[in-house]
Student: 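Right, I'll just put the structure down here and ask away after.
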Amino acid sequence: MASRSSDLQCVWFKRDLRISDHRPLVEAANAGPVLAIFIIEPAVVEAPDYGEIHGVFQAQALRELDAALKKLGNRLVVRRGEAVEVLEAIRSEIGFQALWSHEETGNEITYRRDREVGIWAKNRGVVWTEISQNGVIRGLCDRDGWAGLWRERMKDAPLDAPIRLRERSGQLVSEEIPNKLSNREEGWVTETDMVGGEIEGRAVLDSFIEGRGKGYRKKMSSPVTAYDHCSRLSPYFSWGCLSIRSAVARVREAMGKSLPRADGNSFLSRCHWHCHFMQKLEAEPEIEHHCFNRACENLRPRNPDPERLEAWCSGQTGYPFLDACMRSLRTRGWINFRMRAMLVSFAAYDLWLDWRSFKDFLARQFIDYEPGIHFSQVQMQSGVTGINTLRIYSPVKQGRDQDPSGGFIRRWVPELSSLSEDQIHEPWLVQSGELKSLDIVLGRHYPRPIVDHQTAVKKARLAFSELRNMDEFWEEAARVNRRHGSRRPTEKRPKRRKKESAQQEFTLQ
DNA sequence: AGTGCAGTTGACTTT
DNA sequence: TAAAGTCAACTGCAC
């Protein structure tokens, strides 16, 4: 049995794989010798939202974290198993009464696990201290004052990494860190150049501040320029290799110097939005499975048309720019925000798929999958929040606007590469004789559009306008707005159309 | 140089 | 983080 007087401090690493700006680690180190652990939880890494790239990225970050801890005279103990059973095993092997970690705003699985760990800790007399690592405020019921609290959080200077970490993990066995945390395979060639780890994260931040960020504001819209000029820090934020606060501090410092003010401000407002969306999941975990606006719950069929879903997932919808974006995403694990919105818009409005039928697929593709942002976004781009106006993207217009020369399409949809700049956005408009002379047969080398955009969108709008005639929709919209709505006065929200009242009809004016 | 007209641009509204 | 429609102001051009 473990010694009851142990002053050993157990630091449980989760989605915070770094040593800088890591308050639990610093506080634990001040309180006693540190035992650093990471748990590979089957329930987490085998869940439908956990992708192959996540397993690789996290494994890279873990290896680097272990190396960093070793430099501080410590090490990382890695175990596989469900959290409570592993914590109990370690406690019985070495004994500790203090457990430290960051607050996590995760999916249902990690939320339930955290509650179980809480109960376990209480029963064992272990004091578990959870500390926030971003602008998400635990226990907030509505959005009044949130923006101010976020600013407060970002004011604090990031914490330095500890200089030394007293070690006392004894003979505790640590598993070898695998090359990836799960055996999941996407069946798609991935060639992402994003490598997990705190050092890599800092290098990415440096290159953004020192050059890539110039023109960020303008260049983030097109997938042609976004890959280089967006920060691409999101995976490092999601897996915790870099804290939001430390990126915010570095960007503020560089603004007006190596980074133009407009670009820096644009990046900072995105850091703000990052936490804004996570806060929604923190406040209402049900949004993983239910529409923000419950009146939208049965709007679309819950069972997807399998052929439509498959065409969308594999980049075979017949809309060249859309397919290019999907294929690029699946290969690189990342695409810019605007194109993510377009992909979801197409699934939701053109294909009339319920967001719940594609959210896990998309989550597995995004190397920067962050549950709170993801659930909010797929719902928002599907129009089921009730507090945002419908934003329906035209894949052809987006293609002409964001990839006018068609170069991005040619790269990711090579079967169309012989088409001209004008033809490539709408190959179905090209005479079949001319297509044939270029060795392209639609329906064989590349599909015809699986739906007609204009027709599909018209139908979708009609369904929404019917929904908006129901009182329940507006009651729900008011509730969502109270709980989650941004308090920015500029935000535009749909307004209920005035009913033609008798009074209005007969008012003479 | 002024006028009429078709076509363009931009701000704003609607869905 | 949309797109299409409306309307008025503007532009270029012919006469």
Side-chain angles (χ1 to χ4, degrees), chain A residues 216-227 229-231 234 262-263 265-278 280 292-293 296 299 319 321-322 325-326 329 334-352 355 362 366 368 370 372-404 425-426 451-470 473-474 477 484-486 488 490-500:
Chain A
Y216 170 74
R217 205 166 58 111
K218 294 263 170 72
K219 290 174 173 170
M220 72 172 118
S221 291
S222 164
V224 179
T225 45
Y227 198 75
H229 296 278
C230 281
S231 77
S234 50
D263 297 317
N265 278 326
S266 190
F267 176 83
L268 291 178
S269 83
R270 261 142 251 275
C271 290
H272 180 267
W273 287 115
H274 181 103
C275 300
H276 168 82
F277 289 114
M278 289 179 76
K280 292 174 196 263
F292 276 97
N293 188 316
C296 299
L299 184 65
Y319 284 94
F321 185 62
L322 189 99
C325 288
M326 179 61 88
L329 165 64
W334 187 92
I335 196 155
N336 60 324
F337 180 83
R338 191 185 188 85
M339 270 56 255
R340 295 185 194 202
M342 179 185 71
L343 288 170
V344 173
S345 163
F346 193 84
Y349 299 108
D350 294 67
L351 304 180
W352 204 238
W355 59 277
L362 268 191
F366 294 158
D368 52 18
E370 177 64 62
I373 300 175
H374 190 64
F375 306 148
S376 304
Q377 285 299 330
V378 292
Q379 289 208 45
M380 200 175 296
Q381 308 299 348
S382 301
V384 296
T385 65
I387 63 168
N388 305 89
T389 53
L390 298 188
R391 293 188 196 283
I392 303 175
Y393 290 72
S394 156
V396 173
K397 183 180 181 297
Q398 287 299 316
R400 292 199 185 277
D401 288 352
Q402 310 302 338
D403 183 29
H425 294 283
E426 296 172 277
V451 290
D452 177 66
H453 175 70
Q454 313 300 340
T455 315
V457 160
K458 206 177 248 180
K459 229 176 126 185
R461 282 198 181 283
L462 195 68
F464 271 94
S465 66
E466 277 169 17
L467 194 69
R468 279 157 181 258
N469 285 330
M470 293 163 55
F473 178 87
W474 295 101
H484 300 286
S486 155
R488 281 204 327 183
T490 50
E491 179 96 357
K492 274 190 189 162
R493 299 205 184 84
K495 286 198 187 88
R496 176 173 216 158
R497 207 194 325 168
K498 273 185 207 154
K499 273 189 188 151
E500 301 260 329

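Throughout, a chain's letter reflects where its sequence line sits, starting with A, and its residues are numbered from 1.
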Student: Between A:R468 (CZ) and B:dT14 (P), how many Å, whole number?
Tutor: 14 Å
Student: Could you tell me whether A:R338 contacts a base, only the sugar-phosphate backbone, or nothing, with contacts defined as non-hydrogen atoms closer than 4.0 Å?
Tutor: sugar-phosphate
Student: Will you find, in the side chains of A:Q398 and A:R338, an N or O donor that is under 3.5 Å from an N or O acceptor?
Tutor: yes
Student: Taking A:F292's backbone N and O only, do any of them form a donor-acceptor pair with A:Q379's side chain (distance below 3.5 Å, no angle check)?
Tutor: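 A pair under 3.5 Å: yes.
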Student: Check the distance between C:dA2's P and A:L322's CG and give it to me in whole angstrom.
Tutor: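 Checked: the CG to P distance equals 16 Å.
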Student: Given side chains that start at C-beta, do those of A:N336 and A:Y227 come closer than 4.5 Å, heavy atoms only?
Tutor: no
Student: Would you say A:R391 places a side-chain N or O within less than 4.0 Å of OP1 or OP2 belonging to B:dT15?
Tutor: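 For A:R391, the contact criterion (side-chain N or O under 4.0 Å from OP1 or OP2 of B:dT15) is not met.
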Student: What residues form a salt bridge (charged side-chain N to carboxylate O under 4.0 Å, His left out) with A:D401, not counting sequence neighbours?
Tutor: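 In terms of salt bridge (charged side-chain N to carboxylate O under 4.0 Å, His left out), with neighbours along the sequence ignored, A:D401 is linked to A:K397.
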Student: Evaluate the ring planes of A:H272 and A:H276, with Trp represented by its six-membered ring, and classify them as parallel (under 30°), tilted (30 to 60°) or perpendicular (over 60°).
Tutor: parallel
Student: For C:dA3, does either OP1 or OP2 sit under 4.0 Å from a side-chain N or O belonging to A:Q454?
Tutor: no
Student: What is the distance, to the nearest angstrom, from the CZ atom on A:F473 to the C1' atom on B:dT15?
Tutor: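 Taking atom C1' of B:dT15 as the reference, CZ of A:F473 is at 13 Å.
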Student: When the distance from CD of A:E466 to C1' of B:dT15 is rounded to whole Å, what number comes out?
Tutor: 14 Å
Student: Counting the atoms with a prime plus P, OP1 and OP2 as sugar-phosphate, which does A:M342 contact under 4.0 Å by heavy atoms, base, sugar-phosphate, or nothing?
Tutor: nothing
Student: Is it true that a side-chain atom of A:Y319 and a backbone atom of A:F346 form a donor plus acceptor pair closer than 3.5 Å?
Tutor: no
Student: Which residues pass the salt bridge (charged side-chain N to carboxylate O under 4.0 Å, His left out) test with A:R400, sequence neighbours left out?
Tutor: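 In terms of salt bridge (charged side-chain N to carboxylate O under 4.0 Å, His left out), with neighbours along the sequence ignored, A:R400 is linked to A:D422, A:E426.
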Student: Rounding to an integer number of Å, can you tell me how far A:N388 CG sits from C:dA3 P?
Tutor: 16 Å
Student: Give the rounded distance in Å between these two atoms: CG of A:L462 and P of B:dT14.
Tutor: 19 Å
Student: Rounding to 10°, can you tell me the angle the first-five-pair axis of the helix from B:dG2-C:dC15 to B:dT15-C:dA2 makes with its last-five-pair axis?
Tutor: 10°
Student: Nearest whole Å is fine: how far is C:dA2 C1' from A:Q402 CD?
Tutor: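 Value for this atom pair: 12 Å.
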Student: Round to a whole Å and report the spacing from OH of A:Y349 to P of B:dT15.
Tutor: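 Nearest whole value for this atom pair: 17 Å.
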